[in-house]
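One structure is given below, encoded as structure tokens.
Order of appearance sets the numbers: ligands from 1, and atoms from 1 within every ligand. Computed over heavy atoms, backbone and side chain alike; hydrogens, waters and symmetry mates excluded. Since this is a predicted model, take the numbers as computed values, not measurements.
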Amino acid sequence: MSHIIYPQTNLTATEQLVIERGEGVYVYDNQGKRYLEGMAGLWCTSLGYGHAELMATVQESLAKLSYSHMFGGKSHPEAIALADKLSDMAPMTDAKVFFGNSGSDANDTHIKMLRYYFNAIGKPEKRKIITRQRAYHGVTVAAGALTSLPVNLQFFDAPEEALGILRTDHPHYYSGRLGDETEAEFVKRITDNLEALIVREGPESIAAFIAEPVTGASGVIVPPAGYYEKVQAILNKYDILFWADEVITGFGRLGEDFGCNAMGIEKPDMMSFAKQLSSAYYPISASLIRGDMYDAIVEQSKKVGAFGHGYTYSGHPVACATASKVLEIYERDQMFQHAATLGDYLQSKLNSFIDHPLVGEVRGKGLVAAVELVANKSTGESFTNAKVGAYAIARCQQHGLILRNVAGNSLAVCPPLIVNQSHIDEIVEIMAKVLDETHEFAHAQNLIKG
Ligand SMILES: Cc1ncc(COP(=O)(O)O)c(C=O)c1O
């Protein structure tokens, strides 16, 4: 065993697969075996592996300026160009952009900016943040407290109270509905709960509500129609900011430029980007805030002498150049439209699994989806642990497909945006075989009910 402490891993089961190289939508292990990367790595390798133009950009930009920082007002053309482009693209009012290195630090930055901003406008008591059950917003101390998945919270003693973290319902109708509640009734109940939480806590104490437009790690939850409309009406009523965590949904994943546009979220006040921003060719994240929020923090920084937040690698020139090239390719190759077309194809193919005895729900939007495996198809009862999903993932791997088991027993599918129809056919064919094998396994283990 190596000396690595593996991230997000059961530390008794490390080095399960050693990947050596990648090309297009495929990766190859150290035995030379090929796998279709059905998860785009960690929802990030949108333009696939070994992209010649991106490799050239990284190389050229390293040769030109391998590093320059942005502290004390220093700048460079790559960061300026990328920030302008992101501000143009984002569905926000005059967005200003802060650069970081990961989705988690982008969210941490936002927590700090919220405090800085509300202190600046004379509302220091407005500091609590509402997150949702099952949310995933990263793992740093503060962003990790916004995450609601037990595995990311247990034993880490996250400072939830100190940070003023409040949790409200997740918007998953299939697992969250009560009795024969309709979707509309479900939406009404959980948004009524949101409003009650705000009133109970005091709207003057709540800064923002954070949401992934469609979730990832929590099982690809696509909220029912009308959910965001109701949420935004409540937030507007109580003067609470909408913070869109678009670390997964940004840049075409849902078949539109941003998840907010795909899900009918009007003008968020803050947005977090990472992953597909650079197609994972170089680590970079961006935290965007409204222009008038920026104006307020400018005044505040004048008093202190500096906006005292920033990383050594904020606006790394190679990362910024790479991200700009990625955005250029998205536009030139009409990747968001491609994702919409291929997304429709993927969703319609996956929907055929709904009749399988092991499948409770198939959900998704654009090029991200999940197939939820359940113990009891007629009631939707879940398995008591993640053994069945883990088995399915291992079988996929055996057949040359990488997927991920999330939120218990949901098989997540999130291929690079460059997939074509035959890649999707390959994914679906392997999954069909694996569903049968997994059903047999679950049956043999007496795990099937009903
Ligand atoms: C929605 C969302 N936010 C934040 C993060 C954290 O990003 P990172 O792993 O780059 O810190 C992730 C990572 O998967 C994510 O899915």
Side-chain angles (χ1 to χ4, degrees), residues 5-9 37 39-46 98-112 129-149 151-153 156 158 165 170-172 208-223 242-254 258-260 262-263 265 268 270-288 311 313-314 316 319 322-323 326 364-370 402-407 410 412-414 416:
I5 300 174
Y6 282 88
Q8 308 274 19
T9 297
E37 208 350 319
M39 275 303 294
L42 288 172
W43 334 78
C44 55
T45 59
S46 43
F98 180 92
F99 289 119
N101 315 295
S102 72
S104 301
D105 75 41
N107 287 337
D108 261 43
T109 290
H110 269 324
I111 293 175
K112 292 182 78 175
I129 302 169
I130 302 174
T131 185
R132 300 180 300 186
Q133 299 294 345
R134 290 176 63 173
Y136 188 86
H137 298 296
V139 293
T140 44
V141 173
L146 293 172
T147 289
S148 304
L149 301 179
V151 70
N152 302 114
L153 289 173
F156 287 113
I165 307 295
H170 64 71
H172 188 206
F209 169 93
I210 182 171
E212 308 155 75
V214 165
T215 75
S218 61
V220 190
I221 300 172
V222 184
F242 191 103
W243 168 6
D245 180 345
E246 294 242 18
V247 167
I248 287 181
T249 55
F251 311 105
R253 178 53 62 189
L254 303 185
F258 297 106
C260 283
M263 296 304 295
I265 297 166
M270 305 149 69
M271 296 179 90
S272 308
F273 301 143
K275 296 189 191 272
Q276 296 196 161
L277 170 56
S278 65
S279 184
Y281 274 78
Y282 226 82
I284 183 168
S285 66
S287 310
L288 278 68
Y311 307 108
Y313 300 134
S314 280
H316 191 292
T322 308
V326 165
K365 191 166 180 64
L367 279 173
V368 62
I402 294 180
L403 297 183
R404 211 171 138 208
N405 185 35
V406 293
S410 291
V413 186
C414 180

Please state which protein non-hydrogen atom is closest to atom 16 (O) of ligand 1 and give its distance, to 0.1 Å? Ile248 CD1, 3.2 Å

Which protein non-hydrogen atom lies closest to atom 8 (P) of ligand 1, naming both residue and atom, and how far is it? Gly103 N, 3.5 Å

Counting only heavy atoms not in Tyr6, do more than 12 fall under 6.0 Å of its OH? yes

Within a strict 4.5 Å, meaning less than it, do heavy atoms of the Val326 and Tyr282 side chains meet? no

I'd like to know if Lys275 contacts ligand 1, where contact means a heavy-atom distance under 4.0 Å to any ligand atom. yes

For ligand 1, which part of Ala274 has a heavy atom less than 4.0 Å away: the side chain, the backbone, both, or neither? neither

Starting from atom 3 (N) of ligand 1, locate the nearest protein heavy atom and write down its residue, its atom name and how far away it is, to 0.1 Å. Asp245 OD2, 2.7 Å

So which heavy atom in the protein is nearest atom 11 (O) of ligand 1, and how far is it from that ligand atom? Ser104 OG, 2.6 Å

Using the benzene-type ring in the case of Trp, are the ring centres of Phe258 and Phe273 under 6.0 Å apart? yes

Parallel, tilted or perpendicular: ring planes of Tyr311 versus Phe98, cut at 30 and 60 degrees: perpendicular

Which bit of Glu212 gets closer than 4.0 Å to ligand 1, counting heavy atoms only: side chain, backbone, both or neither? side chain

For ligand 1, which atoms have a heavy atom of His137 less than 4.0 angstrom away? 3 (N), 4 (C)

Heavy-atom distance under 4.5 Å between the side chains of Arg253 and Lys275, does that happen here? no

Separation between OG of Ser218 and NE2 of His170, rounded to the nearest 0.5 Å: 8.5 Å

If we number the atoms of ligand 1 from 1 as shown, the ones under 4.0 Å from a heavy atom of Ser102 are 10 (O), 11 (O)

Heavy-atom side-chain proximity of Arg134 to Thr215 below 4.5 angstrom: no

Does some non-hydrogen atom of Leu42 fall short of 4.0 Å from ligand 1? no

